[in-house]
**Student:** 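Once you've had a glance at the structure underneath, I'll fire off some questions.
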Amino acid sequence: VRLILVRLVNNSILFKGEFSEILLTQRSITIKQVAAIMNQKSGLENTLHILLEMNLDPSTEDCIVVQHVCVIVCFRSACLCAASLASILLRLKRNKKVQRLRTTVGIDGTVYRTVPLYAKSLHKMVRHLAPECDVRFILVDTGTGKGAAMVTAVAHRIVHQRKYQNKTLAPLKLSQEQLLKVMQQMRNEMEQGLRRDTHSTASLKMLPTFIRKFPDGTENGKFLALDLGGTNLRVLLLVVHSGPRRATQIFQKIYPIPLEIMQGTGEELFDYIVECIVEFLEYMGMKCAQLHVGFTFSFPCVQHQLDEGILVSWTKGFKATDVEGQDVVTLLKDAVKRHGELNLEIVVLLNDTVGTMMNCAYENSNCEIGLIVGTGSNACYMEEMKNIEIVEGDEGRMCINIEWGAFGDNGCLDDIRTTFDKLVDINSVNPGRQRYEKMISGMYLGEIVRNILINFTRRGLLFRGLISHVLKTVGIFETKFISEIESDRLALLQVRSILQHLGLDSTCDDSIIVKEVCGVVSRRAAQLCGAGMAAVVDK
């Protein structure tokens, strides 16, 4: 304002072209004076008084011109400030990927507080430049001192929360020494499961599969396969071509298994399996075809021959009655007979790990271990017959189904089981069983994460300390969300979007914590699985 007035005086437009020493002095016109000059009621009177104090001889017209200069300078200031603020608002809108941004601006400063119409001009220009942003301006009267105190308080809270967070997650971060101990314990349990005198009390049952040969390329024909081991049933038709250019064709359909079937009666479960087979064969136009069937049944079974398997116990959430202690091949054959239209011969019962190993061995003759890490977890491998005391014969090798999900059921893993592992176990359908599986498999990882999030929320670390009905819902945090949240490609806003899709009102800070929890839980699962596999490889 002062420089403009000097230019106008120099051009003889103001004060008859006469300067005063004060007008030529830098910073001689203050914001307080500008605010007084622009006062809507007493502005003209204030202008005259201020100019006289500066030893100037203003006319009424001079005072009006000075007022106009102040208005123009302040309006330009408000517009420039609005342009910068609009740029920030639009960036926030893009960051949040919303169609309309709703936010609040905390504002302070002498110009905004004292200069008449400045705030109104600023607000109006922001709305004009960023019409897709709804902005609320709040004047912060107590200045920046309180803000500094708030930053200090927040920093103190974050330090306290981080300490609790680290302390809570520490038991899930396993050391090299702990993992080596897990490996050795697994190795010992495998040995006990293979010995006749300790087999009955070993946590690893080391079940013989009676599979002793790998594919050699001479296999030929059409074969039906059933795969039951999780929340879905897969029905497959495998067409095998032998010869120098051996090849396979696979046709398959996946059928979800309703919870009421998983936890109903055994007869209902096997009737449902047959219904799925019928639907698949009708789809393939092969309902009357004579087919040999391989049944992948991914639950612990005692086998005495290829086409027989006595279910030891259900896992992975299954509780169908009148199946444990029964031969599942016989139950399937009975269901086929009840239907009456199928021409099927069930020739082999195997575990999903065995199926995985055999599938790989068809392409790679070096394969001698199968591993499943999905809804559940298990492994198998080829063992020397001379080491399998529970089966007659010393020549050659046989595939052993480890059933390693039960590792730790005898308490050998208690020193690394956390409070959250115990909560998941207690609330499962089979408390006290499959403890190793409950620490590493897809059916349980989401539940471990959910229980940690509840703990953090109760301590005020997450979701503003409010435990929603959604977060209390068992099974709501599926393992697939861990996979999505952990993805390196996923920004925090996308993590927040996943949490909001689950009905969790989260902030970006919440997203950071949730992402860390998912990482810690899944890393431990991978490490424990790796320790188990190291034991198998060592064996």
Side-chain angles (χ1 to χ4, degrees), residues 1-92 101-148:
V1 168
R2 186 188 68 81
L3 289 171
I4 293 171
L5 296 185
V6 168
R7 175 68 66 87
L8 293 175
V9 173
N10 194 45
N11 289 312
S12 300
I13 296 173
L14 285 178
F15 316 134
K16 301 173 185 177
E18 296 181 1
F19 293 100
S20 70
E21 188 177 339
I22 296 176
L23 182 60
L24 295 172
T25 304
Q26 288 187 5
R27 304 187 187 281
S28 57
I29 297 179
T30 65
I31 283 296
K32 184 178 179 181
Q33 290 172 323
V34 172
I37 290 169
M38 291 178 62
N39 188 285
Q40 289 180 301
K41 292 183 178 180
S42 58
L44 200 57
E45 182 182 342
N46 294 340
T47 305
L48 178 61
H49 178 71
I50 290 167
L51 294 175
L52 289 172
E53 284 187 340
M54 296 178 67
N55 297 328
L56 295 167
D57 183 19
S59 64
T60 301
E61 289 77 11
D62 290 339
C63 291
I64 292 172
V65 171
V66 171
Q67 279 188 305
H68 281 311
V69 169
C70 290
V71 168
I72 291 168
V73 170
C74 289
F75 181 71
R76 185 186 75 151
S77 169
C79 289
L80 289 172
C81 186
S84 300
L85 184 56
S87 176
I88 294 169
L89 291 169
L90 292 174
R91 182 174 181 83
L92 284 174
L101 176 70
R102 290 178 174 82
T103 191
T104 299
V105 177
I107 190 166
D108 191 19
T110 308
V111 174
Y112 184 85
R113 280 191 283 107
T114 62
V115 174
L117 300 179
Y118 189 95
K120 186 176 180 180
S121 299
L122 175 66
H123 300 170
K124 186 175 180 180
M125 188 54 65
V126 168
R127 287 195 295 271
H128 175 71
L129 295 174
E132 60 271 55
C133 301
D134 297 325
V135 185
R136 182 186 181 195
F137 292 86
I138 294 181
L139 181 62
V140 181
D141 292 323
T142 52
T144 58
K146 182 179 178 182

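As the structure is a computational prediction, the values presented were derived from the model and not from experiment. Heavy atoms only: backbone and side chains are in, while hydrogens, waters and symmetry mates are out.
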**Student:** Does a side-chain heavy-atom distance below 4.5 Å link Tyr118 with Val34?
**Tutor:**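 Not touching, per the 4.5 Å side-chain cut-off.
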
**Student:** Walk me through it: do Leu56 and Val9 pass the test side chain to side chain contact (heavy atoms under 4.5 Å, CB included)?
**Tutor:** CA-CA 11 Å; Leu56 295 167; Val9 173; 5.9 Å; no

**Student:** Using 0.5 Å steps for rounding, measure from the CZ atom of Phe15 to the CG atom of Leu51.
**Tutor:**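 One gets 4.5 Å once the value is rounded to the nearest 0.5 Å.
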
**Student:** As an exercise, state the distance from OG1 of Thr104 to CD1 of Ile138, rounded to the nearest 0.5 Å.
**Tutor:** 5.0 Å

**Student:** Within the 4.5 Å heavy-atom criterion, are Leu23 and Arg2 side-chain neighbours or not?
**Tutor:**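 In contact.
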
**Student:** Backbone N or O of Arg7 within a donor-acceptor pair of the Asn11 side chain at under 3.5 Å?
**Tutor:**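 Yes; at least one donor-acceptor contact below 3.5 Å.
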
**Student:** If we count only N and O atoms by modelled type, under 3.5 Å, do the side chains of His49 and Glu53 hold a donor and an acceptor together?
**Tutor:**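 Looking only at side-chain atoms, Glu53 and His49 do form a donor-acceptor pair, the distance falling under 3.5 Å.
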
**Student:** Considering all heavy atoms of both residues, which atom of Leu129 and which atom of Ala86 are nearest to each other, and what is their separation?
**Tutor:**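 Minimum heavy-atom contact is CB-CB, 3.8 Å.
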
**Student:** Write down the atom of Phe137, the atom of Val126, and the distance for their closest heavy-atom approach.
**Tutor:** CZ-CG2, 4.1 Å

**Student:** If you take all heavy atoms of Thr25 and Glu21, which pair is closest and at what distance?
**Tutor:** OG1-O, 2.8 Å

**Student:** Given side chains that start at C-beta, do those of Cys133 and Thr103 come closer than 4.5 Å, heavy atoms only?
**Tutor:**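 The answer is no; the side chains never approach within 4.5 Å.
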
**Student:** Is there side-chain contact between Leu101 and Glu132, with at least one heavy-atom pair below 4.5 Å?
**Tutor:** no

**Student:** With a 4.5 Å cut-off on side-chain heavy atoms, are Met38 and Val115 touching?
**Tutor:** yes

**Student:** Rounded to the nearest 0.5 Å, what's the gap from CZ on Arg102 to CG on Leu92? Could you check?
**Tutor:**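 Answer rounded to 0.5 Å: 15.0 Å.
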
**Student:** Quick check: Tyr112 with His123 (ring centres under 6.0 Å apart)?
**Tutor:**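 When the ring centroids of His123 and Tyr112 are compared, they turn out to be within the sub-6.0 Å range.
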
**Student:** Under 3.5 Å, is there a donor-acceptor pair between the side chain of Arg113 and the main chain of Asp108?
**Tutor:**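 A pair under 3.5 Å: no.
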
**Student:** To the nearest 0.5 Å, how far apart are SG in Cys70 and CG in Asn39?
**Tutor:**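 If we round to the nearest 0.5 Å, Cys70:SG and Asn39:CG are 12.0 Å apart.
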
**Student:** If you look at every heavy atom in Thr47 and Gly43, which pair is closest and at what distance?
**Tutor:** OG1-O, 2.6 Å

**Student:** Counting distance only, does the side-chain N/O of Ser84 pair as donor-acceptor with the main-chain N or O of Leu80 below 3.5 Å?
**Tutor:**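 Yes, because the side chain of Ser84 sits within donor-acceptor range (under 3.5 Å) of the backbone of Leu80.
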
**Student:** I want to check something: taking the side chain as every heavy atom from C-beta on, are Ile107 and Leu122 in contact at a cut-off of under 4.5 Å?
**Tutor:** yes

**Student:** Report yes if the side chains of Ile37 and Val1 come closer than 4.5 Å at any heavy-atom pair, otherwise no.
**Tutor:** no

**Student:** Rounded to the nearest 0.5 Å, what's the gap from CG on Leu85 to CG on Leu90? Could you check?
**Tutor:** 9.5 Å

**Student:** Mind listing the closest non-hydrogen atom pair of Ala36 and Asn46 along with its distance?
**Tutor:** O-ND2, 3.0 Å

**Student:** With heavy-atom distances below 4.5 Å as the criterion, would you say the side chains of Leu117 and Gln40 are in contact?
**Tutor:** yes

**Student:** What's the separation between atom CD1 in Ile29 and atom CD1 in Ile4, rounded to the nearest 0.5 Å?
**Tutor:**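 Rounded to the nearest 0.5 Å, the CD1-CD1 separation comes out at 10.0 Å.
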
**Student:** Examine distances only and state if a side-chain atom of Ser20 and a backbone atom of Met54 form a donor-acceptor pair shorter than 3.5 Å.
**Tutor:**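 Between the backbone of Met54 and the side chain of Ser20 there is a qualifying donor-acceptor contact (under 3.5 Å).
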
**Student:** Check whether Asp62 reaches the backbone of Ser59 with its side chain - one donor and one acceptor, N or O, closer than 3.5 Å.
**Tutor:**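 Side chain of Asp62 to backbone of Ser59, a donor-acceptor pair under 3.5 Å: yes, one is there.
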
